[in-house]
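These numbers come from the heavy atoms of this one structure, side chains and all, not from hydrogens, waters or symmetry mates.
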Amino acid sequence: MRSILYVGMDVHKESFTLCCYSFDEDKTQYQQVIAPDYKMVLRYLEQVRSRHDGEVEFVCGYEAGCLGYVLYHQLNDNGVKCVILAPTTMAITNKNRVRTDKRDAGNIAKCLAFRTYSEVYVPTDEDNAVKEYIRMRDDQKKALKIIKQQILALVLRHGYRFVEGKNYWTQRHVMWLKSLQLGGVLQEGLDEYLVTYDYLVNKIERFDQRIEELAGGERYQEKVKKLSCLIGVKTHTALSVVVEISDFNRFAKAENLAAYLGLVPSEDSSGERRRRGGITKAGNSHVRRLLVESAQSYTRGAIGHKSKDLKRRQNGNTPQVIAYADKANERLRRKFYRMTLKNSTNRNVAATAIARELACFMWGLMTDNIA
């Protein structure tokens with residue numbers, strides 16, 4: 001006799017909480033808290049198997065979180081089927097609002113059994129490594145932004161204003177900052193800030209050069225070149241989208257990709273009532289942020305105009321790809337002006353709508369649906 005047991009795992013850095021669900025028993029059982037080690041999971045499965053007669057098949061699962069894909073690979077490498085569940089797609093059976101690790105593990109087990117979830121796509125090791133490198137670079141960029149704010153706040157608090165130009169962090173502005181003579185310990189503080197600023201700027205330049213090298217590799221070069229045909233999408237954004245999404249063909253339609261990125265409007269409708277809200281913000285927040293930033297490039301410039309930089313990025317692509325990208329660029333820029341100038345739509349709302357359509361055009365480029 002062969003039976004299937006669904007093992008829900010509520011995983012944390014300090015411990016794993018496991019339990020099983022089967023249709024035969026119709027209840028969660030064998031609840032146990034173990035050390036955060038896949039070997040302990042395998043030992044748990046052997047203990048459960050010893051309590052059953054006949055052949056037992058296990059299906060394990062855990063929510064996407066801080067542990068990434070490590071546990072998934074470890075279990076699958078040892079012949080145990082494991083899936084990663086997207087938390088926003090799981091059916092919620094905990095109606096009394098009492099959350100514990102054991103309840104969460106039981107809910108995961110039931111979601112596995114009744115298939116009330118969507119499985120997280122697991123990228124290749126190479127894609128995952130490049131993704132982590134780009135995210136590391138973006139973390140350094142955030143640190144640089146904070147340092148810039150701290151420097152500007154420091155000099156402003158002591159009455160120094162930059163009047164020699166309109167823009168901050170130009171070469172002239174940085175030279176002005178380094179020429180200030182605040183004196184004493186205050187000068188030491190400013191000098192330390194500026195040393196940190198120079199250090200981070202140099203690091204980010206080095207990271208960007210490495211990202212250019214990675215994008216020029218055989219695995220990513222063609223995809224990055226295609227995406228770079230779009231306004232506001234350069235190497236960093238293009239490579240980020242490629243490695244974060246990995247397989248675009250897993251989305252049957254372009255709208256599915258936009259929904260995955262959380263760029264579609266939320267809705268709370270019932271009966272005759274129709275209520276739509278802001279975007280859902282579900283799915284991959286990193287790509288969503290990049291697309292919203294790229295959409296800002298469509299908020300300026302003449303419709304149909306192509307800069308020298310855009311022409312350079314488009315060079316080397318097929319005429320069909322370039323024509324598709326030009327159609328996308330013209331449509332998105334025209335749509336933004338229509339929404340803001342004719343319909344008086346809020347600028348940020350319009351930019352988010354542009355980001356949603358930009359994601360759809362990216363899907364077309366990556367799946368060769370460019371007719």
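The only option from Asp37, Val33, Leu67 that meets the side-chain contact (heavy atoms from CB on, under 4.5 Å) definition with Phe16 turns out to be Leu67.
Side-chain contact between Ile151 and Trp169 is present, with heavy atoms from C-beta onward closer than 4.5 Å. In this structure the side chain of Thr116 never reaches within 4.5 angstrom of the side chain of Met90, judged on heavy atoms. Using a 4.5 Å cut-off on side-chain heavy atoms (C-beta onward), Asn329 and Leu310 make contact. Here the side chains of Ile4 and Ser22 are not in contact, with every heavy-atom distance at 4.5 Å or above. At a threshold of 4.5 Å between non-hydrogen side-chain atoms, the residues Arg356 and Pro265 count as touching. At a threshold of 4.5 Å between non-hydrogen side-chain atoms, the residues Thr28 and Asn107 do not count as touching.
Met9 approaches Cys60 most closely through the heavy-atom pair CE-CB, 3.8 Å. Across all non-hydrogen atoms, the minimal contact from Val233 to Ser294 is CG2-OG, 4.2 Å. Closest approach of Arg288 and Leu261 over heavy atoms only: NH1-O, 2.9 Å. Heavy atoms only, all atoms of each residue included: Val287 and Asn284 are closest at N-OD1, 3.0 Å. Here the shortest heavy-atom pairing between Val56 and Phe58 reads CG1-CZ, 3.7 Å. In this structure, Val130 and Tyr220 approach most closely via the heavy-atom pair CG2-OH, 3.9 Å.
For Phe23 and Phe114, the gap between ring centers is short of 6.0 Å. For an aromatic pair to be called close, the ring centres must be under 6.0 Å apart, and Tyr324 with Phe361 satisfies this. The aromatic ring centres of Phe162 and Trp176 sit less than 6.0 Å apart.
Looking only at distances, no side-chain donor or acceptor of Ser118 sits under 3.5 Å from a matching main-chain atom of Ala86. At least one donor-acceptor pair closer than 3.5 Å links the side chain of Tyr44 to the backbone N or O of Tyr30. A donor-acceptor distance shorter than 3.5 angstrom exists from the side chain of Asn317 to the backbone of Gln314, with no hydrogens or angles considered. Not a single donor-acceptor pair under 3.5 Å links the side chain of Gln29 to the backbone N or O of Cys20. No side-chain donor-acceptor contact under 3.5 Å links Arg333 to the backbone of Thr299. For Arg313 (side chain) and Cys229 (main-chain N/O), no donor-acceptor pair under 3.5 Å exists by modelled atom type. Without hydrogens or angle criteria, Arg172 side chain to Glu164 main chain gives a donor-acceptor distance under 3.5 Å. Using modelled atom types, no side-chain atom of Arg347 and backbone atom of Thr340 make a donor-acceptor pair closer than 3.5 Å. A distance-only check finds no donor-acceptor pair linking the side chain of Asn369 to the backbone of Leu365 [under 3.5 Å].
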TODO: Step by step, work out the salt bridge (charged side-chain N to carboxylate O under 4.0 Å, His left out) result for Lys234 and Asp309.
DONE: CA-CA 10 Å; Lys234 296 185 180 179; Asp309 182 53; 3.6 Å; yes
Open item on the list: Before you tell me yes or no, could you show the steps for Asp198 and Lys178 under salt bridge (charged side-chain N to carboxylate O under 4.0 Å, His left out), namely the whole-Å CA-CA distance, both residues' side-chain angles and the distance that decides it to 0.1 Å?
Closed with: CA-CA 11 Å; Asp198 288 335; Lys178 292 181 178 180; 3.1 Å; yes
Open item on the list: Does Lys335 form a salt bridge (charged side-chain N to carboxylate O under 4.0 Å, His left out) with Glu330? I'd like the steps, not just the answer.
Closed with: CA-CA 8 Å; Lys335 179 174 182 177; Glu330 182 177 341; over 6 Å; no
Task: Test side chain to side chain donor-acceptor pair (under 3.5 Å) applied to Asn128 and Lys131, step by step - done: CA-CA 5 Å; Asn128 195 42; Lys131 178 186 73 174; 3.3 Å; yes
Task: Derivation and outcome, side chain to side chain contact (heavy atoms under 4.5 Å, CB included), residues Leu194 and Val174 - done: CA-CA 9 Å; Leu194 291 173; Val174 174; 5.6 Å; no
TODO: Give the C-alpha distance, both sets of side-chain angles, the deciding distance and a yes or no for salt bridge (charged side-chain N to carboxylate O under 4.0 Å, His left out) between Arg49 and Glu46.
DONE: CA-CA 5 Å; Arg49 180 180 280 113; Glu46 288 301 321; 2.7 Å; yes
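For the atom pair CG of Leu177 and NE2 of His173, the computed distance is 4.0 Å after rounding to the nearest 0.5 Å. Remark: Thr235 OG1 to Leu214 CG distance equals 11.0 Å, nearest 0.5 Å. How far OG1 of Thr367 is from CZ of Phe251: 11.0 Å, rounded to the nearest 0.5 Å. Atoms CD1 and CG, on Ile303 and Leu332 in that order, are 11.0 Å from each other to the nearest 0.5 Å. In this structure, CG in Asp77 is found 9.5 Å from OH in Tyr72, a value given to the nearest 0.5 Å. For the atom pair CG of Leu154 and OH of Tyr160, the computed distance is 10.0 Å after rounding to the nearest 0.5 Å.
Atom CD of Gln149 has more than 12 heavy atoms from other residues, nucleotides or ligands within 6.0 Å. Annotation: Arg135, atom CZ; neighbour count of heavy atoms from other residues, nucleotides and ligands within 6.0 Å is above 12. Around atom CZ of Arg289, more than 12 heavy atoms belonging to other residues, nucleotides or ligands sit under 6.0 Å away. The number of heavy-atom neighbours closer than 6.0 Å to CZ of Arg137, taken from other residues, nucleotides and ligands shown, is above 12.
Leu156 and Tyr168 are not part of a single hydrophobic cluster, where members link through side-chain heavy atoms under 4.5 Å apart. A single hydrophobic cluster is not seen to contain both Tyr197 and Ile146; linkage of ILVMFWY side chains at heavy-atom distances under 4.5 Å, directly or through other members, places them apart. Clustering ILVMFWY residues whenever any of their side-chain heavy atoms sit less than 4.5 angstrom apart, transitively, puts Val224 in a cluster other than the one holding Ile322. Put simply, Val349 and Phe336 are part of two different groups of oily side chains (I, L, V, M, F, W, Y) that touch within less than 4.5 Å, one to the next. Criterion: ILVMFWY side-chain heavy atoms under 4.5 Å apart, direct or through other members. Under it, Leu290 and Leu144 are not part of a common hydrophobic cluster.
Side-chain atoms of Thr124 and Arg219 form a donor-acceptor pair, as typed in the model, at a separation below 3.5 Å. For the residue pair Tyr69 / Asp125, no side-chain donor-acceptor distance below 3.5 Å is found, with atom types taken as modelled. Side-chain polar atoms of Asn78 and Gln74 form no donor-acceptor pair below 3.5 angstrom.
Annotation: cation-pi geometry satisfied between Arg250 and Tyr260 (NZ/CZ under 6.0 angstrom from ring centroid, within 45° of ring axis).
Residues Lys225 and Glu222 are not paired through a salt bridge, judged by the lack of any N-O separation under 4.0 Å between the basic side chain and the carboxylate. A salt bridge does not link Asp208 to Lys203: none of the charged side-chain nitrogens sits closer than 4.0 Å to a carboxylate oxygen. Looking at Arg99 and Asp10, no side-chain N of the basic residue comes within less than 4.0 Å of a carboxylate O on the acidic one, giving no salt bridge. Taking 4.0 Å as the cut-off between side-chain N and carboxylate O, Glu213 and Arg210 count as a salt-bridged pair.
The aromatic rings of Tyr133 and Phe207 stand perpendicular to each other, their planes meeting at an angle above 60°, with 30° marking the opposite boundary.
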